[in-house]
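Reviewing the structure listed below.
Each chain gets a letter, A, B and so on, in the order its sequence line appears, and its residues count up from 1. What you are looking at is a predicted structure, and each value in this text was computed from that prediction instead of being measured.
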Amino acid sequence: MKFSKAYEPNEYETDVYALWEKSGAFRPKSNNKAKNYCIVMPPPNANGNLHIGHGLTIALEDILIRYHRLKGDNTWYIPGADHAGFETWVVYERYLESKHKTRFDYSRDELYDQVWNFVHEQRGNMELQLRALGASCDWDSLTFTLDPKVVSTVYDTFEKFYNDKLIYRGKKLVNFCTKHQTAFADIEVTHKEEKGKLWRIAYPLVNPTDDLKEIIVATTRPETMLGDVAVAVNPNDERYKNIIGQNVKLPLTNREIPIVADEHADMSYGTGAVKITPAHDQNDYEVAQRHDLPMITVIGFDGRMTDAAGDHYSGLTTEDCRKQVLKDLEEQGYRRGEENILHDVGHCYKCDTVIEPLLREQWFVDVKPLAQKAIEVLKAGKIKFHPANKKKVLINYLENLRDWNISRQIPWGIPIPAFQNVDDPSDWIYDNRVDQTEIEINGKTYRRDEDTFDTWFSSAQWPYITTSEDQKFFPTSVMETGADLLFQWVGRMIMLSLYTKGDVPFKDVYMHGMVLDEKGQKMSKSKGNVINPLDIVSQYGSDALRLGLIASRSAGVNQAFSSSKVIASRNLCNKIWNISRLAQQIVDENTSPATKLECRSLGEDWICDEINQTSKEIQKLLDSYRFAEAGDLVYDLVWNRYADWFIESQKLWKNVPLIQSTLEQILIIMHPFAPFVTETIWQSLSWTDGMLINQQWPKAYKVDKTKADQFRELIAIITNIRSHFQALPGNDRYPIAFIDDQLMYDNQLLIQHLTKAPSVPQIKIEEIGGLRLAIPGHNIYLQIPADIHAKYKAQLEENILKLGNEINTLEARLRNPKYVERAPKELVEETHNQLATKEDLLAKMKDELELI
RNA sequence: GGGUCGCUAGCUCAGUUGGCUAGAGCGCCUCGUUUACACCGAGGAGGUCGGGGGUUCGAGCCCCUCGCGACCCACCA
């Protein structure tokens, strides 16, 4: 390959990826001595497209993976694809709708097959997109969440739970979406604060007294009164003490219901009397349990009133029924006013339908013992969290967790392996013959549960399912995922893994925040502000997207997407490309036999030292998941140090073996952050072998620290000189004179080259003249004409003043006995040194002032 | 009701055990056609780190408090 003038990512990325993939570089090595490093990718939706959040996920995970691969670890990055039960089902149901069909036109098994085909038509898409993002994952071990090994593990777990009595079937209130006709776990319900009304309704006492003829209840949902079974008052409430145990007549019905005493009734809220509708309210359900009250279901799974609501209301939607009830109450004289309130209402996170709490038989996981164990392990610090505060948040959540409903009334998912005796509804058995709708056991017929598992029940087991073929990778090294999945996924993985494996699922957790749009708004289709990562890839390249996404981003914090960071990153890729182009030119032009790899000038020791330090620093940063800082460091090394100083100085004297070696090291260090451009370069350079992805993280150069430091001094001198030159009128350059200075003497040509000065003469003390540089330890003069020099007087005076202040500060610090006493000795010594340097400089500047 | 996070340069944000001159990218201002790169080079301006108090020799960082903003959890009828 030849180097074109600018790096055009689109020309290389696909080929480079194919090269890696074909070579088997993504497979874990079977080196038994190496450390094992494993990341399981959060499986993207199999039938969906990747969004920008996936871009960030892959960026972070792939940086870690490539870094560890370069470090020689046995590295296994396991990709996945999620059947995404409910998500996909919603999409498919919409598709059915477009064909004027509904789920009720087919059997569950037919629907399952249809969705299976639907998903598999789309599936390749997502995988291609992962490739475009550069994910160096082991495609041979891609796991689909409906693969046989997933299903069988889920069944094993279900059976274990079942036998341990941690899974039970119960008729409880569940969060039900009447549009999607399925129940949800608590965590899947979106709560929104809404304006509502609190209506007051009179329930007449059956045996009125002179003082009290009726009891007034307050409710936000009048339609549920048709299912009332009691009125609760607080046992300590003086107002109602005497009527506890009496009955009231439930308006609009012929029923009489009791007044019960229960702590649930808050004396200070509303009227202090609460109507109890156990079939449609969680609190009421609990009250009913305590008082052994019946439960009357008046709202059906279709969201319409049932026959139990009475002929007058049966079949109405809850909304219409509410109007009707209010109207009827009004007409019959039971209304006692209303007030506007704000209250929280649960909604379906997908369609926004108000979630109905409905009574339904479902499978529940008794999470208490699981959560307890998880809390212990978390408190013991067995899993490190990044950011650290997420651990606390998770513990807080686990401490208040309620049982987990794992049944879903949708066909797309893993069938629940449970069968019910057709002659005895209480007789349930575990059996994994889910391909049959009915089975016979001991002459009894059992019918399969029609429900499927909550997707998260299987996802919660993901780490040990995906690593089952090579268990030395379990627990995995780090779970990297979105901060929004802390409870939904991370917490459940920990619980399930502790339960089935007796071990944590992963050693570390890294959670990233959301990628917001450029204005800091959440991206959503409806807002039309969605950024497609593949568009960015085709415009700026995959590496630019990766570097741009990780820039200035810290763990767990939502942050806006920044196209300027992407562009800056694209520019960096172009920079390293052009550095390499020049390096190749230099190598081509210098065909004489290769000399030894050694440092022959200060700048060479310096760059080796810088690479050594940066390499160390980046390892430290990546080991602690500080991606943004690591990325910054790469940028700074490549651009501000390697290109601006080393490469520039090499234009004077070329050390070809060192150019080759340092470029290689830099490409290796940069590779995790910008895999495509670095590999493309590696493939293009004439002297490199094999593939960059398989190289070893660089070993430190032997450097002469003194020489490296001397070059640092040169940088300071040259920068200072440049600054003066720029400030001079007409952009003129003048000779740079120095007195008795080995560093200056040895580097005259370099200084001249880098400052574009006409000459860098050595002079004698008596020849002093011109502008003195304010550099401690050196006597350097810009030989500018006297008239120009005169203009510097004011500036010089200002500098002297500033320096004087700095000296005062240092002196004050040293005069403080507590500082000298308590601060570390090195620090105090450093302060002394600084003071001495500054005082020396001040003296020289004062001398100069007299010269002008 | 419980909990979490944020407030640092014009903008978007970094800043790990407190250490002395607080950083980056973009933007802004000067200068520059040096054949690696204008997706460039050189230089520069710009910050009382939300307010107040405290701990400390020393605080952007720790503690208290106030203000503003964002988010999560939760059964308040």
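Within residues 648-655 of chain A, the residues having any heavy atom closer than 4.0 Å to RNA chain B are, in order of number, A/E648, A/K651. Taken residue by residue, residues 537-550 of chain A places no heavy atom nearer than 4.0 Å to RNA chain B.
Taking only side-chain nitrogens and oxygens, A/Y397 never comes nearer than 4.0 Å to OP1 or OP2 of B/rC73. Checking the phosphate oxygens (OP1, OP2) of B/rG41, a side-chain nitrogen or oxygen of A/K575 falls inside 4.0 Å. The side chain of A/R626 contributes no N or O atom lying less than 4.0 Å from OP1 or OP2 of B/rA14. The phosphate of B/rA77 has OP1 or OP2 within less than 4.0 Å of a side-chain N or O from A/H343. A/R722 has a side-chain polar atom (N or O) that falls below the 4.0 Å cut-off from OP1 or OP2 of B/rG43.
In this structure, the side-chain contact (heavy atoms from CB on, under 4.5 Å) partners of A/R570, at least two apart in sequence or on a different chain, are A/Y540, A/A544, A/I567. For A/Q539, there are no side-chain contact (heavy atoms from CB on, under 4.5 Å) partners, not counting sequence neighbours. For A/F487, the ring-ring contact (aromatic ring centres under 6.0 Å, His included) criterion is met by A/Y397, not counting sequence neighbours. Taking A/Y203 as the reference, nothing meets the ring-ring contact (aromatic ring centres under 6.0 Å, His included) condition, with sequence neighbours excluded. The ring-ring contact (aromatic ring centres under 6.0 Å, His included) search around A/Y734 returns none, not counting sequence neighbours. Evaluation of the ring-ring contact (aromatic ring centres under 6.0 Å, His included) rule for A/F646 yields A/Y642 as partners, not counting sequence neighbours. Scanning for side-chain contact (heavy atoms from CB on, under 4.5 Å) contacts around A/A628 gives an empty result, with sequence neighbours left out.
Looking at heavy-atom distances under 4.0 Å, A/S554 makes contact with sugar-phosphate atoms alone, never a base. Contacts of A/D266 with the nucleic acid, taken as non-hydrogen atoms under 4.0 Å apart, include base atoms. Here A/V274 lies in heavy-atom contact (under 4.0 Å) with a base.
With hydrogens and angles left out, the side-chain atoms of A/K192 and A/T190 include no donor and acceptor closer than 3.5 Å. Between the side chains of A/D588 and A/Q584, at least one donor-acceptor pair of N or O atoms lies under 3.5 Å. Under the 3.5 Å distance criterion, with hydrogens and angles disregarded, no donor-acceptor pair is assigned to the side chains of A/Q559 and A/S552.
One interatomic measurement links the two molecules: CZ of A/F725 to P of B/rG43, which rounds to 13 Å at whole-angstrom precision. Rounded to whole Å, the distance from CG on A/L582 to P on B/rA36 is 6 Å. A/I567 has its CD1 atom 9 Å from the C1' atom of B/rC39, to the nearest Å. The CD-P distance, from A/E223 to B/rA77, rounds to 14 Å in whole Å. Remark: P of B/rG15 and CG of A/L621 are 11 Å apart, rounded to the nearest angstrom. The separation between A/Y7 atom OH and B/rA36 atom C1' is 17 Å, rounded to whole Å.
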Secondary structure string for RNA chain B (Watson-Crick or G-U under 3.5 angstrom, | for other-strand pairs): (((((((..((((.....[...)))).(((((.......))))).....(((((..]....))))))))))))....
Decide yes or no on side chain to side chain donor-acceptor pair (under 3.5 Å) for A/Y819 and A/T831, but give the supporting numbers first. CA-CA 11 Å; A/Y819 174 71; A/T831 312; 3.0 Å; yes
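A salt bridge does not link A/R813 with A/E830: none of the charged nitrogens is closer than 4.0 Å to a carboxylate oxygen.
Of the candidate nucleotides B/rU12, B/rC40, B/rC76, B/rC40 has the atom lying nearest to any side-chain atom of A/W639.
Between the side chain of A/D344 and the base of B/rA74 there is at least one donor-acceptor pair of N/O atoms closer than 3.5 Å.
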Side-chain donor/acceptor pairs under 3.5 Å, residues 629-636 of chain A, sequence neighbours excluded:
| residue | atom | partner | partner atom | Å |
| --- | --- | --- | --- | --- |
| A/E629 | OE2 | A/R626 | NH1 | 2.7 |
| A/D636 | OD1 | A/N640 | ND2 | 2.6 |
| A/D636 | OD2 | A/R641 | NE | 3.0 |
| A/D636 | OD2 | A/R641 | NH2 | 3.1 |

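Counting non-hydrogen atoms of other residues, nucleotides and ligands closer than 6.0 Å to NZ of A/K391 gives a total above 12.
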For nucleotides 21-33 of chain B, give me one character per nucleotide, 5' to 3': B if any protein heavy atom sits under 4.0 Å from the base, S if the only such contacts are to the sugar-phosphate, - if neither. ---BSS---BSS-
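Where A/Y819 and A/P824 meet RNA chain B, the nucleotide closest to each residue was compared, and A/P824 sits on the side nearer the 5' end. For the pair A/K620 and A/K522, both in contact range of RNA chain B, the more 5′-proximal nearest nucleotide belongs to A/K620.
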